[in-house]
Amino acid sequence: MHWADVAAKSLSHRGNTHVISTGITPSGEFHIGHLREILTGDMLARAARDAGLDVDFIFIVDSADPLRKVYSFLGPEFEQFIGHQIGAIPAPREGDNNPDWQRFNDDGWTYADHFLTPFMEALAEIGVRPRIIDNLSSYRDGKFAEMTKMACDSAEQIREIIERVSSRELASDWFPWSPLDSKQSLDGVKVTGYEYPLVHWIDSHGVEGSSDITKGEGKLPWRIDWPAKWSWIGVTCEAFGKDHGAAGGSYATGREISTLLGHQPPQPLTYEWISLRGKGAMSSSTGNTIGPIEALRLVPPQILRLLIANSKPNKAIDFDTGMGLVTLADEFERLCTRDFDSEINDENISRRQLVQVEDAKAALRLSMVEPGTIAKATSVSFRHLALLAQTKSSDDAIWQSLISSSAITEPTKQLEDRLARMRYWIESEHFPEEMRIQILSSPDEKALSLLDSDEKSALKELTAALRNCQWDAESIASAIPQSAKDNDMSPRSAYRAAYAALMGLERGPRLAPILAEMDKNAILKQLDSCCQLD
RNA sequence: GGGCCUGUAGCUCAGUCAGGUAGAGCGUCGGACUUUUAAUCCGAUGGUCGCGGGUUCGAACCCCGUCAGGCCCGCCA
């Protein structure tokens, strides 16, 4: 059974109504690691609905978290906001990346909005539509009030849980509420007393004040904030990264605190990180990222979904934007063409194979942008489209080629969309070299030395034939094999010779249209210098 | 120091929860076809299941140990 269906089944033992939660702090550029968080939750939510459960899928935006430091992508003026809540400060401005006061004052456009908005657009395209819960607004609206009161009233018990479970020692003046100071920062504030609903404090500037816990004049520390959310929202299941899931991590303390607050802890679903192939873990601070938006320019949303659906959550994913993407995309095409039901009904199938077929079927189901839709194969592989996109400058020429080879009858929206991404991919640094079509400008001696004597003479005939050939795809296409036939050799010799001389390969893509797009003299020059090597 | 996850074919991974003849896809090789979609079709190839013990009639799977990689016990998806 697919991992999402297994998790959904296990959820069903808890009841029929569920709140499946995910949450991210929009402290910087989003990357595909964040996509795993939300897609893991989304797929679980879909699987649970398919299993007949009533599901509310939510995405908590942790806009109440403080800005930790002036990240490399921020201007120096952000220094003043360290410790301030990211939902309450201006966004970086285009150009110098300093605070954009104008938009902040005019439209209330915040730092959190700035990073969240493009992510939400990407989510819509991927077919993820969670209910959004803004954490900062929730604090301000008093949603946390009841849980905060319980936490403050049980401060010592909570301290005991955190110290015991995480085996870290809390400061003697630790208190389960972080008040905002006289400058609206959460940093360096000491709690001096508590009389509901006020927490009294003294800040790093020596100013004293009081924070009303029912009005969001501060926030709960993360390890309490999380279980408090579970409680007031009624979360029954949450997907989170392995960092939270480790022993002594925030889930371990959270589940005990949750029980203390009178709420059954949610069923956990921990997932592994996504790294970039050959570049290590994704990290916003080192700039080693691929954003969901950028990923979507390269690949269709279904394929991005398949990346997550195909890997069990506890498996690390090494995201490969080169050949791995081709393999993944072609895998998607293959899945689309399979008849899973007849495979499942095959009596000769082993139990093991059955599991694989069922998982593949479920992965495809969960990869659909619209739940419940049926995948349609495009009958044009990624590889093939990559070829066409490199050899033909106009889209129309590509559709013509596909129509004349009767691969398609007309370009669909899906294909047009895919071609646009393909063109972007080819232009990008991610496009794999082995897929790139390169016509040599100097002879590849090694490739030429592999030709037999027939093929070597075919090369000479071919060169002569092309010299007299009209320079269009059709003429070239007939000239290549004809040059060999005229001399009692198989067309194969001519092709092998051409590939060795022009690309340094044994086989290759259809040559004629590529050559037709190139300069005739340059091609002849290259062929001549290859002939002279003998 | 304490704990969690991962290790299965050249690659990506199923299979471990409920022990019962080692499975897919990709790749590779061979064949067919070919005025070639690095295409398609057919066939083959491929593994001391990290390692060592134990339990069992029987272990990739359960138990103990060990090695390697990643992670957590401030913050991070």
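So that the names make sense, note that chain A is the first sequence line, chain B the second, and so on, each numbered from 1.
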Touch class at under 4.0 angstrom, heavy-atom based, for A:Arg164 against every strand present: nothing
Between atom [atom1] in [X] and atom [atom2] in [N], what is the gap in whole Å?
X: A:Glu331; N: B:A24; atom1: CD; atom2: P; answer: 14 Å
X: A:Arg496; N: B:A38; atom1: CZ; atom2: C1'; answer: 13 Å
X: A:Ile162; N: B:C72; atom1: CD1; atom2: P; answer: 19 Å
X: A:Ile60; N: B:C76; atom1: CD1; atom2: P; answer: 14 Å
X: A:Asp243; N: B:G3; atom1: CG; atom2: C1'; answer: 15 Å
X: A:Lys242; N: B:G3; atom1: NZ; atom2: C1'; answer: 14 Å
X: A:Leu306; N: B:C26; atom1: CG; atom2: P; answer: 14 Å
X: A:Arg36; N: B:C76; atom1: CZ; atom2: P; answer: 19 Å

Residues in side chain to side chain donor-acceptor pair (under 3.5 Å) contact with A:Arg36, at least two apart in sequence or another chain: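 With sequence neighbours excluded, A:Arg36 shows a side chain to side chain donor-acceptor pair (under 3.5 Å) to no residue whatsoever.
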Dot-bracket summary - RNA chain B, pairs being Watson-Crick or G-U whose distances fall under 3.5 Å, with | when paired to another strand: ((((((((.[[[[.)....(..]]]].(((((.......))))).....[[[[[..)....]]]]])))))))....
What's the closest nucleotide to the side chain of [X] if the choices are [options]?
X: A:Pro481; options: B:C26, B:U35, B:C76; value: B:U35
X: A:Arg334; options: B:C26, B:U36, B:G70; value: B:C26
X: A:Ile437; options: B:C75, B:C76, B:A38; value: B:A38
X: A:Gln482; options: B:C26, B:U35, B:A38; value: B:U35

Lys/Arg N to Asp/Glu carboxylate O, A:Asp62 vs A:Lys229, below 4.0 Å: yes
Presence of salt bridge, A:Arg421 and A:Glu125, under 4.0 angstrom: yes
Distance between [atom1] atoms of [N] and [M] (Å, rounded):
N: B:G7; M: B:G50; atom1: P; result: 8 Å
N: B:C63; M: B:G46; atom1: P; result: 33 Å
N: B:G52; M: B:A60; atom1: C1'; result: 16 Å
N: B:G19; M: B:U45; atom1: P; result: 32 Å
N: B:C61; M: B:U16; atom1: P; result: 12 Å
N: B:A18; M: B:A59; atom1: C1'; result: 15 Å
N: B:G20; M: B:G1; atom1: P; result: 37 Å
N: B:C29; M: B:G65; atom1: P; result: 46 Å

Residues A:Glu238 and A:Trp226: side-chain donor-acceptor under 3.5 angstrom: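 A donor-acceptor contact under 3.5 Å links the two side chains.
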Toward the 5' end of RNA chain B, by each residue's nearest nucleotide, A:Thr25 or A:Ser478: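 On the 5' side of the pair lies A:Ser478.
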Contact nearer the 5' end of RNA chain B, comparing A:Tyr495 with A:Arg68: A:Tyr495
[X] side chain vs [Y] backbone, donor-acceptor pair below 3.5 Å:
X: A:Ser311; Y: A:Ile308; value: no
X: A:Glu37; Y: A:Gly23; value: yes
X: A:Trp222; Y: A:Ser250; value: no

Atom CZ of A:Arg223: over 12 foreign heavy atoms under 6.0 Å: yes
A:Leu306: which of A:Leu335, A:Leu364, A:Leu366 passes side chain to side chain contact (heavy atoms under 4.5 Å, CB included):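 Only one option passes, and that is A:Leu335.
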Heavy-atom protein contacts under 4.0 Å, nucleotides 5-18 of chain B, coded B base, S sugar-phosphate only, - none: SSS-----SBS---
Report, one pair per line, the protein and nucleotides 32-34 of chain B atoms (nitrogen or oxygen only) whose separation is under 3.5 Å.
from: B:U34; atom 1: O4; to: A:Arg492; atom 2: NH1; distance (Å): 3.1

is_close_aromatic(A:Phe115, A:Phe119), centroid dist under 6.0 Å: no
By ring-ring contact (aromatic ring centres under 6.0 Å, His included) - contacts of A:Tyr251 (at least two apart):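 Once residues adjacent in sequence are excluded, the partners of A:Tyr251 under the ring-ring contact (aromatic ring centres under 6.0 Å, His included) criterion are A:Trp230, A:Phe240.
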Any residue meeting ring-ring contact (aromatic ring centres under 6.0 Å, His included) with A:Trp177, in chain and number order, not counting sequence neighbours: none
Worked verdict on A:Glu29 versus A:His34 for side chain to side chain donor-acceptor pair (under 3.5 Å): CA-CA 10 Å; A:Glu29 204 80 47; A:His34 296 106; over 6 Å; no
